[in-house]
Amino acid sequence: MSYEPPFIITARSINLISEISEKLGMLTAYSEDPLHVELRRANRIKTIHSSLAIENNSLSIEQITAIIEGKRVLGAPDEIQEVKNAVQAYDLLLELNPYEEKDLLRAHRLMMSDLVKRNGKYRSGGVGIFDGKEIVHVAPPADRVPLLMADLFGWLKTSKQHPLIKSCVFHYEFEFIHPFEDGNGRMGRLWQTVILKDWKKIFAWLPVETMIKEHQSDYYEALNVSDTSADSTAFIEFMLDLFRNAIDESIKAQESKKVTAKVTAKVTVNQKKIMQAIKKNPHITQEELSEKVGIAVKNIKENMKKMQEQNLIRRVGADKNGHWEVVG
């Protein structure tokens, strides 16, 4: 008989799944907006910062942004290495197959490179989780880890449960098994995102880690309650609630950004000419715009980039076969 993790799908969980699905539709509508691309980048940086901050990395968002941009940063070498590793792991996120155990090991190898000796390999010794001096969880023996992880991946592949439920159960079971020498927290949270982006791609950019960081004690409490009850029901409800709130925050941020962009947008004479030309010929090239407006192609590109950021114009379709549109 195949392995079945213990949990109950409560009425509250069903209601939360319904709410999340409805709100995802609203958020997905923004996905073609140029401003959404900007928010995705900001959310990715916040995700990396929050995930590492949960593990006591002290680097700020500004320092992490600087590292991503290839700038020198003063800080502890291990903390800087953690950031570089996390960036590589999250850059790989869309390529990772949630149902392949080898992809999990690959991601851990990247996440923990030059930080632990057994990066990309399951632990060889026992491990416990402490709250100060008090031990709160003793993970299964190391020799059982490969079998437990194989069972968990087997369930993930064959389960007919909703992806939101499956991702929460996997996350909890992963933390219970604690398969690695180090990096279990960040890998468990990462892999829940990997599972969900396979269902809805937009989960790759949701700032869920930020919400966990803001409710860190509640997160650990939900894990402890599930440990005590010997099933993941409490953890499922907690994470679903967190997902709903993360989507709400993303929708608010998108709407706020759009309003701000419209309020602050100051249309120059050249930008007005560009919009007029686009209205007459949506397929006009930047070289043709340069001739019509009377400024260099370089200046046309700079103006159009700003206009996209201000949501004044947008590109529809591919670079070769697409066209421009004036927004509003």
Side-chain angles (χ1 to χ4, degrees), residues 23-49 61-73 87-88 90-95 197 200-207 210 247-328:
K23 291 174 186 294
L24 277 175
M26 295 171 62
L27 188 58
T28 304
Y30 286 118
S31 61
E32 296 301 320
D33 194 316
L35 292 172
H36 184 75
V37 177
E38 184 183 337
L39 282 171
R40 280 193 330 200
R41 180 178 180 276
N43 283 347
R44 174 59 53 81
I45 293 170
K46 283 162 60 178
T47 290
I48 291 170
H49 171 258
I61 284 184
E62 291 74 22
Q63 287 173 305
I64 289 174
T65 303
I67 291 170
I68 292 171
E69 293 173 351
K71 298 175 183 176
R72 284 193 64 187
V73 170
V87 169
Q88 288 188 64
Y90 276 92
D91 282 348
L92 194 67
L93 194 148
L94 292 177
E95 298 176 28
K197 63 82 184 170
K200 300 286 186 183
K201 193 174 178 181
I202 200 144
F203 273 97
W205 297 284
L206 270 181
T210 304
I247 294 167
D248 279 340
E249 289 295 317
S250 291
I251 290 172
K252 287 177 186 176
Q254 185 75 42
E255 290 174 346
S256 174
K257 198 86 174 174
K258 200 162 188 175
V259 169
T260 302
K262 285 186 175 181
V263 169
T264 59
K266 294 180 181 179
V267 184
T268 66
V269 173
N270 287 334
Q271 288 173 349
K272 285 180 180 178
K273 291 179 180 178
I274 290 170
M275 287 192 287
Q276 288 169 356
I278 288 172
K279 284 181 179 179
K280 290 180 180 178
N281 177 16
H283 294 278
I284 193 168
T285 65
Q286 291 177 325
E287 288 74 17
E288 290 169 338
L289 280 169
S290 174
E291 292 181 13
K292 282 189 173 293
V293 179
I295 59 176
V297 174
K298 178 186 175 184
N299 293 334
I300 288 289
K301 290 179 178 179
E302 288 175 356
N303 271 283
M304 294 182 81
K305 182 181 178 183
K306 289 178 182 177
M307 292 167 76
Q308 283 179 280
E309 290 171 354
Q310 294 172 337
N311 205 35
L312 296 172
I313 61 171
R314 62 171 164 242
R315 183 71 181 175
V316 179
D319 289 342
K320 288 186 178 180
N321 302 319
H323 64 277
W324 293 100
E325 275 187 3
V326 175
V327 178

*Asks:* Nearest 0.5 Å please: distance from the NZ atom of K280 over to the CE atom of M275.
*Replies:* 13.5 Å
*Asks:* Between Q271 and Q310, what is the shortest heavy-atom contact and its length?
*Replies:*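 For Q271 versus Q310, the nearest heavy atoms are OE1-OE1, 4.3 Å.
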*Asks:* For the residue pair K197 and L93, what are the closest heavy atoms and their distance?
*Replies:*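 Between these two residues, the closest heavy atoms are CE-O, 3.2 Å.
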*Asks:* Tell me whether R44 contacts the main-chain N or O of V87 through its side chain, where contact means a donor paired with an acceptor under 3.5 Å.
*Replies:*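 No: the side chain of R44 does not pair with the backbone of V87.
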*Asks:* Is the backbone of L92 close enough, under 3.5 Å, to the side chain of E95 for a donor and an acceptor to pair up by distance?
*Replies:*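 Side chain of E95 to backbone of L92: no pair is present.
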*Asks:* Determine whether T268 and N303 satisfy the following criterion, side-chain contact (heavy atoms from CB on, under 4.5 Å), listing intermediate values before the conclusion.
*Replies:* CA-CA 9 Å; T268 66; N303 271 283; 4.0 Å; yes
*Asks:* Would K273 and K292 count as a side-chain contact (heavy atoms from CB on, under 4.5 Å) if you check the C-alpha gap in whole Å, the side-chain angles of each, and the deciding distance to 0.1 Å?
*Replies:* CA-CA 8 Å; K273 291 179 180 178; K292 282 189 173 293; over 6 Å; no
*Asks:* Quick one: does N43's side chain get under 4.5 Å of K46's, heavy atoms only?
*Replies:* yes
*Asks:* One pair to check against side-chain contact (heavy atoms from CB on, under 4.5 Å): Q276 and V326. What are the steps and the verdict?
*Replies:* CA-CA 9 Å; Q276 288 169 356; V326 175; over 6 Å; no
*Asks:* Rounded to the nearest 0.5 Å, how far does CE of M304 lie from CD1 of I313?
*Replies:* 4.0 Å
*Asks:* To the nearest 0.5 Å, how far apart are CG in N281 and CD in E288?
*Replies:*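 One finds 6.5 Å between CG of N281 and CD of E288.
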*Asks:* Specify the closest pair of heavy atoms between P207 and S250, including all atoms of both residues, with the distance to one decimal.
*Replies:*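 Taking every non-hydrogen atom into account, CD-OG, 3.3 Å.
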*Asks:* Looking only at non-hydrogen atoms, find the nearest pair between N311 and V327 and report the distance.
*Replies:*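 In this case the closest contact between N311 and V327 is O-CB, 3.3 Å.
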*Asks:* Nearest heavy-atom pair of I278 and E325: which atoms, and what distance?
*Replies:*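 In terms of heavy atoms, the two residues are closest at CG2-N, 4.2 Å.
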*Asks:* Working to the nearest 0.5 Å, report the span between NZ of K305 and NZ of K301.
*Replies:* 12.0 Å
*Asks:* Can you see which heavy atom on V297 is nearest to which on Q286, and at what distance?
*Replies:*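 Looking at all heavy atoms of both residues, the shortest contact is CG2-O, 4.4 Å.
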*Asks:* To the nearest 0.5 Å, how far apart are CG in L24 and CG in L206?
*Replies:* 7.0 Å
*Asks:* In Å and rounded to the nearest 0.5 Å, what is the NE2 to CD1 distance from H49 to I45?
*Replies:*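 Atom-to-atom, H49:NE2 and I45:CD1 are 11.0 Å apart.
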*Asks:* Less than 4.0 Å between a side-chain N and a carboxylate O, is that true for R41 and E69?
*Replies:*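 The answer is yes: the pair qualifies as a salt bridge.
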*Asks:* Side-chain contact test, heavy atoms from C-beta onward, threshold under 4.5 Å: evaluate it for K201 versus L94 and give yes or no.
*Replies:* yes
*Asks:* Take D91 and Q88, measure what side-chain contact (heavy atoms from CB on, under 4.5 Å) needs, and give me the verdict at the end.
*Replies:* CA-CA 5 Å; D91 282 348; Q88 288 188 64; 5.7 Å; no
*Asks:* Does the side chain of Q308 reach to within under 4.5 Å of the side chain of W324, using non-hydrogen atoms?
*Replies:* yes
*Asks:* So, do I295 and E302 sit near enough that their side-chain heavy atoms are less than 4.5 Å apart?
*Replies:*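 No. Closest side-chain heavy atoms not under 4.5 Å.
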